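Remarks on the structure that follows.
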Amino acid sequence: MSKFTGKKQKEVPAISTGSMPDIIFMLIFFFMVSTTMRQNTLLVKISAPEATQIAKLERKSLVSFIYMGQPTQKQLGTETRIQLNDQFATPQDIPEYIAMERESRDEADRKLLTTSLKVDKDVKMGIVTDVKQELRKVGAFKINYSTRKKVEKE
Amino acid sequence: MAKKCPEINAGSMADISFLLLIFFLTATTMDVDTGIARRLPPPLDPTQEPPDIKKRNILDVFVNKNNRLMVGGRPCDISQLKEKTIEFIANPTNYEHYSEKREVEIPELGGTMQVSRGIISLKNDRGTAYDMYIQVQNELASAVDQLRDELCKEKFGVNFVDLKDEEKIKAIQKAVPVAISEAEPEEIK
């Protein structure tokens, strides 16, 4: 037994951290592939309504967003506001916004431009109708009502 | 002979890649945008007369500012909307208050099909909640979807969403058109 008891306990070898960068890089690639860049910071509170008949919004680069909802900042009141890009706007600003969005896309892609309406579920239809009328006037007919997938209740 | 190059210290590589990782975690979002796709009608030509459509071919859907629904002249619950829409469009018994059919030649589906002339006219008040509006749109879309699925199962044995052939998709769309007309905005008392 002296073979085992006589010697001092050997030190545990340090764990190799050499492959740590590889693991982290793997995670990075995962996130780069599966996520998209945040477009703009929301100035309005949006909780999308739920629906079952939904389709995925394809080709995010060809989508322009219009946000509608209550301002997140309390001092701005509770009235529904429209957000285009990073600022509040009125329905009258929409033609200009759509024109700018068209301008920034390729000539060939302009027809495929979709407008996604991200609207809070408590918003009244009046302002939504105004926005839709403006969109009709400038010929942005492809729209998408942003909704979440409804979870079926048993 | 050149001096042996000292090995580059790769110890901080992990830190650098962590930094990048954290950047991507904060600057990107994962949520997939989903929604109900619709096409807006082009602006109306004021000189053009509205098309003459028989009363029986129009299903009126009103939503008032209290989010109450009226379908075909009667108050209705949202849970019955889909059923009523399907009944109105499909009209299997040719009931005289539901939509008429016309014969359309669709060779992909094997000859003439009975295509409904029905149009759903959706009207809402300015005070209607957006949520309610989406629910109504959703029910109407799912009614059309169900009719397409039924026809698709009968003809090709698969659901409409699983159909890959462009021709077949077009044919089904022709046989069951989405005829939802949104009224010009006006105040509804």
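Treat the numbers as computed from the prediction; the structure is a model and nothing was measured. Each chain gets a letter, A, B and so on, in the order its sequence line appears, and its residues count up from 1.
- Residues A:I28 and B:F18 share a hydrophobic cluster, clusters being chains of Ile/Leu/Val/Met/Phe/Trp/Tyr side chains in contact below 4.5 Å.
- Atoms CZ and CD1, on A:F25 and B:I16 in that order, are 8.0 Å from each other to the nearest 0.5 Å.
- Residue A:P21 comes nearest to B:A14 through the heavy atom pair CG-N, 3.7 Å, listed as atom of the first residue, atom of the second, then distance.
- Under the 3.5 Å distance criterion, the side-chain polar atoms of A:S146 are left unmatched by any main-chain donor or acceptor of B:G35.
- A:F88 and A:I46 fall within the same hydrophobic cluster, defined by Ile, Leu, Val, Met, Phe, Trp and Tyr side-chain heavy atoms under 4.5 Å apart, directly or through other members.
- B:V144 and B:L151 fall within the same hydrophobic cluster, where Ile, Leu, Val, Met, Phe, Trp and Tyr residues are linked whenever their side-chain heavy atoms come under 4.5 Å apart, directly or through other members.
- The stretch residues 128-140 of chain B places B:T128, B:A129, B:Y130, B:D131, B:Y133, B:I134, B:Q135, B:Q137, B:N138 near chain A, each with some heavy atom under 4.5 Å from a heavy atom of that chain.
- The CZ atom of A:F31 sits 4.5 Å away from the CG atom of B:L25 when rounded to the nearest 0.5 Å.
- Both the backbone and the side chain of A:V119 come within less than 4.5 Å of a heavy atom in chain B.
- Contact annotation for A:K137: only backbone heavy atoms (N, CA, C, O) come within less than 4.5 Å of a heavy atom of chain B.
- Between B:L20 and A:I24, every side-chain heavy-atom pair lies at or beyond the 4.5 Å cut-off.
- A:D120 touches chain B through its backbone: at least one of N, CA, C or O sits under 4.5 Å from a heavy atom, while the side chain does not.
- For a residue to count as touching a neighbouring chain, one of its non-hydrogen atoms must lie under 4.5 Å from one of that chain's; by this rule A:I23 does not touch chain B.
- Each of A:F65 and A:L113 belongs to its own hydrophobic cluster when Ile, Leu, Val, Met, Phe, Trp and Tyr are linked at side-chain heavy-atom distances under 4.5 angstrom.
- Checked for salt-bridge contact, B:D125 and A:K124 miss the test: no charged N lies under 4.0 Å from a carboxylate O.
- For B:Q80, the CD atom counts as densely surrounded, since its 6.0 Å shell holds more than 12 non-hydrogen atoms of other residues, nucleotides or ligands.
- Heavy-atom minimum distance, B:N124 versus A:M125: ND2-CB, 3.5 Å.
- Residues A:Y145 and A:L62 do not share a hydrophobic cluster, clusters being chains of Ile/Leu/Val/Met/Phe/Trp/Tyr side chains in contact below 4.5 Å.
- Residue B:R68 qualifies as open at atom CZ: its count of foreign heavy atoms under 6.0 Å is 12 or below.
- Enclosure of atom CD in A:E79 is not indicated, since only 12 or fewer non-hydrogen atoms of other residues, nucleotides or ligands lie within 6.0 angstrom.
- Annotation: maximal heavy-atom pairing with chain B below 4.5 Å, among A:P49, A:A140, A:S34, occurs at A:P49.
- Ranked by heavy-atom pairs under 4.5 Å with chain B, the list A:M32, A:M68, A:K121 is led by A:K121.
- Listed here is the closest heavy atom pair of B:I36 and A:T147: N-OG1, 4.0 Å.
- Contacts of A:F30 with chain B are made by side-chain atoms alone, with heavy-atom separations under 4.5 Å and no backbone atom involved.
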